[in-house]
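Data first, discussion second: the structure below is written as structure tokens.
Protein chains get the first letters and strands the later ones, always in sequence-line order, with residue 1 at the start of each.
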Amino acid sequence: MSNDKQPDENKLIAERRGKLDALRAEGNAYPNDFRRNAVAEELHQTFESHDNEALHEESVEVSVSGRMMVKRVMGKASFVKLQDRTGQIQLRLERDRLPEGVYQAFKKWDVGDIVGATGKLFRTQTGELTVMADVVRLLTKSLRPLPEKFHGLSDQETRYRQRYVDLIINESSRNVFRMRSQIITYMRSFLEAADFLEVETPMMQVTPGGALARPFTTHHNALDMQLYLRIAPELNLKRLIVGGFERVYEINRNFRNEGVSTQHNPEFTMLEAYRAYADYNDWMDMTEAMLHGMTEAILGTTRVNYQGDEYDFGQPFRRITVEEAIAAYNPNLDMSRIRERDYLVEICTKLDIAVKDGDGPGKLQTDIFDATCEDKLREPIFITHYPTEVSPLSRANDTDPFVTDRFELFITGREIANGFSELNDPETQAARFRAQAEYREAGDDEAMAYDHDYIRALEYGMPPTAGIGVGVDRLVMLLTDSPSIRDVLLFPHMRPEVFD
RNA sequence: GGGGCGUUAGCUCAGAGGUAGAGCAUUCGGCUUUUAACCGACUGGUCGUAGGUUCGAUCCCUACACGCCCCA
């Protein structure tokens, strides 16, 4: 056993391996017959108002277990703190209360070991609820020392690569992931309450669609064919609307073959939801209601602190069009010419935005919006009416077909959600796909592929529908005040570690 | 892809062209109500990797790796 050495072995680990060898010699070093009947937080709550005298009279015996995070030996008695999933509970060990030899053995145990104990509750002189151990057992030997007790673990790389250590040490990190779970649970309950059906659609697709992005490719050996990891579930979810489910949603991973940054991870989580007989205005209302309710339920307030600034999720969010936003942040522009390609090219040149031959006025408008408006949209705001040219799956506006009935929600200068009334005219959709195919041939590898089956589905008739996508990771970042997406992903993508 | 910063003991961090430092942890001893427990003694290093400059490099230079941040 002990010769299966890890490459980063050191003296501290060697000492613990020696202790493990001794445990093996004595019997089962990894027992699984200890059962607890209480967890820390529950005990603190239940006995919050019980003083030492009351506890003595009640004579409450409990069994607890967890990781030993503190070990203070004072001669013939010791204090220990065990950390379980709810918090920490203190033990007191006295040599003369424990069976012969147990206390001597305990002295060899290390901080980080998993320990179980049974005994009566009491309060120490300073009032801390504590278990006076009559039984104490080492349940799992920890071979690796934990980070230093005061400063903890702050090295970012180790926190991401060895998330298990981060979670052991950093309460704040545990809280981020608890809150992430609550946020997703809230989304589910919000949508379930509105009679949405949760579905799961393929991660591996023959034709990647539903977004403008570069896909990951993979290969199916038995069928000898190329497959793509999905960049969005959109087209499949709308097939389900055609199928008659009318209200569906999926919370799951998308994969995009792009750079890694504080805002981007190659795989990330999206909520996508589609609702028949609704339009993009209905979804703006629902999104507002969901975020309002979510912040209240999870944070207890609709005021969200993010990186030193406060954002109000309680008020109705402003709604302005892309062109209004461009006008607001570029006061010198001649808005009467804002759809003229020549004029837009001129502006882009001034702004140092690269213009490609195939870029029409809609694309150029969007580029100008991205460059001059996006990062200034701090308070929650819906930007509406994105150009049809850059919205191949959105329904064109009835009175102004240059734009679509689409919105994006921005908060802290970041895109949080994207929704629109769906294009359900199969012939128009086919034409939009053809246009995308031309962009692709012109060299745009983010352009959409023509999806024949999706057109066929629309030909059966998709009821008037609107949908939304919400970037779950970015929302979690906002509500947990996390500066990087890696802080809200349990195992963020990292370059492989070299073990030499 | 470009730029900036970083990489020293298990962890958190100092350091200076001339024998590598602290605190915590570990090891040993003491201590029966501690709270970063305390007291005493000891131990622990390929200074990210590879080259170069130099009498001498962990320090200066170059490249590379990994990470963090900013930009595209």
| Starting at the 5' end of RNA chain B and moving along, which residue's nearest nucleotide shows up first, A:S154 or A:R16? |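 Checking each residue's closest nucleotide, the 5'-ward one belongs to A:S154.
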
Rounded to the nearest angstrom, tell me the gap between atom [atom1] in [X] and atom [atom2] in [N].
X      : N      : atom1 : atom2 : result
A:I168 : B:rC11 : CD1   : C1'   : 13 Å
A:F150 : B:rA25 : CZ    : C1'   : 15 Å
A:L146 : B:rC11 : CG    : C1'   : 10 Å
A:Q104 : B:rU32 : CD    : C1'   : 14 Å
A:H44  : B:rU35 : NE2   : P     : 17 Å
A:D110 : B:rC11 : CG    : C1'   : 15 Å
A:M68  : B:rU34 : CE    : C1'   : 15 Å
A:M74  : B:rC31 : CE    : C1'   : 9 Å

| request: Report the residue from A:Q182, A:M179, A:M294 that forms a side chain to side chain contact (heavy atoms under 4.5 Å, CB included) with A:L299. | output: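 Looking at A:Q182, A:M179, A:M294, the match for A:L299 under the side chain to side chain contact (heavy atoms under 4.5 Å, CB included) is A:M179.
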
Nearest to the [X] side chain among [options], which nucleotide is it?
X      : options                : value
A:M132 : B:rU33, B:rC11, B:rG10 : B:rU33
A:P145 : B:rU32, B:rA36, B:rG10 : B:rG10
A:N10  : B:rU32, B:rU35, B:rG10 : B:rG10
A:D96  : B:rU32, B:rU33, B:rU27 : B:rU32

| task | With heavy atoms under 4.0 Å as the rule, sort A:K108 into base, sugar-phosphate or nothing. | result |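 Contact class for A:K108: sugar-phosphate only.
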
| query | With sugar-phosphate meaning primed atoms plus P, OP1 and OP2, does A:K107 contact a base, only sugar-phosphate, or nothing at under 4.0 Å between heavy atoms? | reply |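 Here A:K107 touches no strand at all.
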
| message | If you count heavy atoms of other groups shown closer than 6.0 angstrom to CD of A:Q104, is the number above 12? | response |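 For A:Q104, atom CD is crowded (more than 12 foreign heavy atoms under 6.0 Å).
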
Distance between the [atom1] atoms of [N] and [M], in whole angstroms?
N      : M      : atom1 : result
B:rG56 : B:rU19 : P     : 15 Å
B:rG10 : B:rU49 : P     : 13 Å
B:rU7  : B:rC61 : P     : 14 Å
B:rC64 : B:rA25 : C1'   : 34 Å
B:rC5  : B:rC60 : P     : 12 Å
B:rG3  : B:rC11 : C1'   : 31 Å
B:rA50 : B:rU58 : C1'   : 15 Å
B:rG30 : B:rC42 : C1'   : 15 Å

| task | Go through the structure and list residues passing side chain to side chain contact (heavy atoms under 4.5 Å, CB included) with A:T412, not counting sequence neighbours. | result |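 Partners of A:T412 under the side chain to side chain contact (heavy atoms under 4.5 Å, CB included) test: A:Y306, A:Y311, A:R378, A:R414, A:L478.
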
| said: Restricting to side chain to side chain contact (heavy atoms under 4.5 Å, CB included), what partner residues turn up for A:R174, sequence neighbours left out? | reply: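 For A:R174 the side chain to side chain contact (heavy atoms under 4.5 Å, CB included) partners, ignoring immediate neighbours, are A:Q83, A:L167, A:E171, A:R178.
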
If only side-chain N and O atoms count, and only distance matters, is there a donor-acceptor pair under 3.5 Å linking [Y] with [X]?
X     : Y      : result
A:S63 : A:T118 : yes
A:E58 : A:H50  : yes
A:T86 : A:D84  : yes

| Passes side chain to side chain contact (heavy atoms under 4.5 Å, CB included), A:S173 versus A:R163? Steps please. | CA-CA 9 Å; A:S173 188; A:R163 182 67 86 183; 3.7 Å; yes

Restricting to salt bridge (Lys or Arg N to Asp or Glu O under 4.0 Å), what partner residues turn up for [X], sequence neighbours left out?
X      : answer
A:E310 : A:R303
A:R341 : none
A:R36  : none
A:D33  : A:R137

| message | Taking the six-membered ring for Trp, are A:F382 and A:F420 closer than 6.0 Å centroid to centroid? | response |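 Ring centres of A:F420 and A:F382 not closer than 6.0 Å.
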
Can you tell me the pairing partner of [N] across any strand shown, Watson-Crick or G-U wobble, with both distances under 3.5 angstrom?
N      : value
B:rC31 : none
B:rG1  : B:rC71
B:rC55 : B:rG18
B:rA37 : none
B:rG6  : B:rC66

| field | Phosphate OP1/OP2 of B:rU27: any A:K19 side-chain N/O under 4.0 Å | value |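 Yes, A:K19 has a side-chain N/O under 4.0 Å of OP1/OP2 on B:rU27.
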
| task | Evaluate the salt bridge (Lys or Arg N to Asp or Glu O under 4.0 Å) criterion for residues A:R17 and A:E9: first the C-alpha distance (whole Å), next the side-chain angles of each, then the deciding distance (0.1 Å), finally the verdict. | result | CA-CA 10 Å; A:R17 279 196 197 280; A:E9 288 280 342; 2.6 Å; yes

| note | Whether each nucleotide of nucleotides 38-47 of chain B has a protein heavy atom under 4.0 Å at its base (B), only at its sugar-phosphate (S) or at neither (-) is summarised, 5' to 3', as -----BS---

| remark: Once base and sugar-phosphate atoms are separated, protein heavy atoms under 4.0 Å mark nucleotides 66-72 of chain B, 5' to 3', with B, S and - as SSSSS--

| query | In residues 117-128 of chain A, which residues come under 4.0 Å of RNA chain B by heavy atom? | reply |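 Under 4.0 Å from RNA chain B: A:F122, A:T124, A:Q125, A:T126, A:E128.
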
| said: The criterion is side chain to side chain donor-acceptor pair (under 3.5 Å); which residues satisfy it with A:D451, sequence neighbours excluded? | reply: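 With neighbours one apart ignored, the set is A:R239.
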
| task | Applying side chain to side chain donor-acceptor pair (under 3.5 Å), name anything that partners A:E94, two or more places apart in sequence or on another chain. | result |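 So A:E94 forms a side chain to side chain donor-acceptor pair (under 3.5 Å) with A:R92.
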
Enumerate the protein-to-nucleotides 2-4 of chain B contacts in which both atoms are nitrogen or oxygen and the separation is below 3.5 Å.
none

